[in-house]
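Numbers here are sequence positions counted from 1.
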Amino acid sequence: MRTRLHHIDRIHPFSPRHLFLRTGHRRHYRRVLAAVLVFIVCASMAPLVQAVVPYRSPDDYGPSLQAKQHRDDCRHQVLQTLDGKIESEDFVARTDREYFRYVVRKDLREVLFICDARTGEIRRQIDVWGDL
């Protein structure tokens with residue numbers, strides 16, 4: 001007469017039927033299956049760990065060296081055009097162009113100046129309250 005234990009020995013070790021056996025072996029096979037699943041998940045995430053992040057120096061986030069050289073020229077031209085107080089100064093990079101933006105206030109007047117950072121020349125003047 002065949003016993004259930006004899007039948008367990010005949011099942012292939014990698015067969016999924018081991019998961020459904022009502023023996024002490026079931027816990028062992030579930031642990032092995034869990035370990036294999038963890039290994040597969042870790043192996044699938046391995047390429048993400050090796051992804052290359054490009055190095056960006058602090059100079060990449062701000063004005064170029066050429067723009068930094070023209071910053072004082074821009075400020076000087078802005079203050080020559082409108083003798084007031086510089087409220088704000090921003091740097092803007094658009095594709096291959098770089099600009100400094102200044103908001104200058106004199107009395108009740110506010111003017112936005114856009115200065116080319118590569119040449120140090122004023123490109124636009126916008127009277128903020130006058131154009132409304």
Side-chain angles (χ1 to χ4, degrees):
M1 181 175 172
R2 290 183 152 169
T3 63
R4 216 165 170 60
L5 198 56
H6 180 67
H7 180 69
I8 292 172
D9 292 337
R10 291 189 309 156
I11 295 176
H12 192 273
F14 297 121
S15 171
R17 289 182 60 196
H18 280 293
L19 299 175
F20 303 106
L21 295 176
R22 294 183 178 212
T23 66
H25 295 288
R26 182 173 61 182
R27 184 175 296 141
H28 171 72
Y29 286 111
R30 283 187 179 167
R31 286 182 186 156
V32 169
L33 180 64
V36 168
L37 289 175
V38 167
F39 176 76
I40 290 171
V41 168
C42 290
S44 66
M45 294 178 78
L48 299 176
V49 173
Q50 297 173 356
V52 176
V53 176
Y55 171 75
R56 295 194 63 168
S57 70
D59 295 337
D60 293 340
Y61 294 101
S64 65
L65 292 175
Q66 183 181 7
K68 288 178 184 177
Q69 292 171 352
H70 290 292
R71 179 182 283 167
D72 291 333
D73 295 337
C74 285
R75 282 186 190 151
H76 182 69
Q77 283 191 13
V78 165
L79 291 175
Q80 244 182 351
T81 305
L82 182 65
D83 186 29
K85 179 183 176 191
I86 295 178
E87 293 285 327
S88 68
E89 175 184 346
D90 295 320
F91 172 75
V92 178
R94 299 278 189 257
T95 59
D96 61 336
R97 304 277 186 179
E98 294 178 314
Y99 300 100
F100 288 111
R101 295 187 303 193
Y102 299 93
V103 175
V104 180
R105 179 185 300 232
K106 182 172 184 185
D107 300 327
L108 296 176
R109 198 169 165 210
E110 275 188 17
V111 180
L112 172 68
F113 289 92
I114 299 175
C115 183
D116 189 348
R118 300 228 172 139
T119 61
E121 297 176 4
I122 295 174
R123 293 288 179 204
R124 297 245 196 290
Q125 297 180 44
I126 302 168
D127 189 352
V128 176
W129 300 110
D131 291 344
L132 293 178

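Both L82 and Y102 sit in one connected hydrophobic cluster of ILVMFWY residues. Membership requires side-chain heavy atoms under 4.5 Å apart, directly or through other members. Each of I126 and V104 belongs to its own hydrophobic cluster when Ile, Leu, Val, Met, Phe, Trp and Tyr are linked at side-chain heavy-atom distances under 4.5 angstrom. Hydrophobic clustering of Ile, Leu, Val, Met, Phe, Trp and Tyr side chains at less than 4.5 Å, counting indirect connections, unites L79 with V111.
Here F113 contributes atom CZ and I122 contributes atom CD1; the two are 5.5 Å apart, rounded to the nearest 0.5 Å. Here the CZ atom belonging to F91 is positioned 11.0 Å from the CZ atom belonging to R101, to the nearest 0.5 angstrom. Atoms CZ and SG, on R124 and C115 in that order, are 13.0 Å from each other to the nearest 0.5 Å. Q66 contributes atom CD, which lies 8.5 Å from atom OG1 of T119 (distance to the nearest 0.5 angstrom). Rounding to the nearest 0.5 Å places CZ of R75 at 4.0 Å from CD of E89. The line from CG of D73 to CD of E121 is 10.0 Å long, rounded to the nearest 0.5 Å.
The existence of a salt bridge linking D127 and R109 is confirmed by a sub-4.0 Å separation between a basic side-chain nitrogen and an acidic carboxylate oxygen.
Nearest heavy-atom pair, L112 versus V128, reported as atom, atom and distance to 0.1 Å: N-CG2, 4.1 Å. Residues A117 and H70 share a closest heavy-atom pair of O-CB, 3.3 Å.
Contact of the W129 side chain with the L108 side chain is not registered, since no non-hydrogen atoms from C-beta on lie closer than 4.5 Å.
Using a distance-only test at 3.5 Å, with no hydrogens or angles considered, a donor-acceptor pair links the side chain of D116 to the main chain of R118. A distance-only check finds a donor-acceptor pair linking the side chain of Q77 to the backbone of G120 [under 3.5 Å].
Side chains of Q125 and T81: a donor-acceptor N/O pair is absent below 3.5 angstrom, by distance only.
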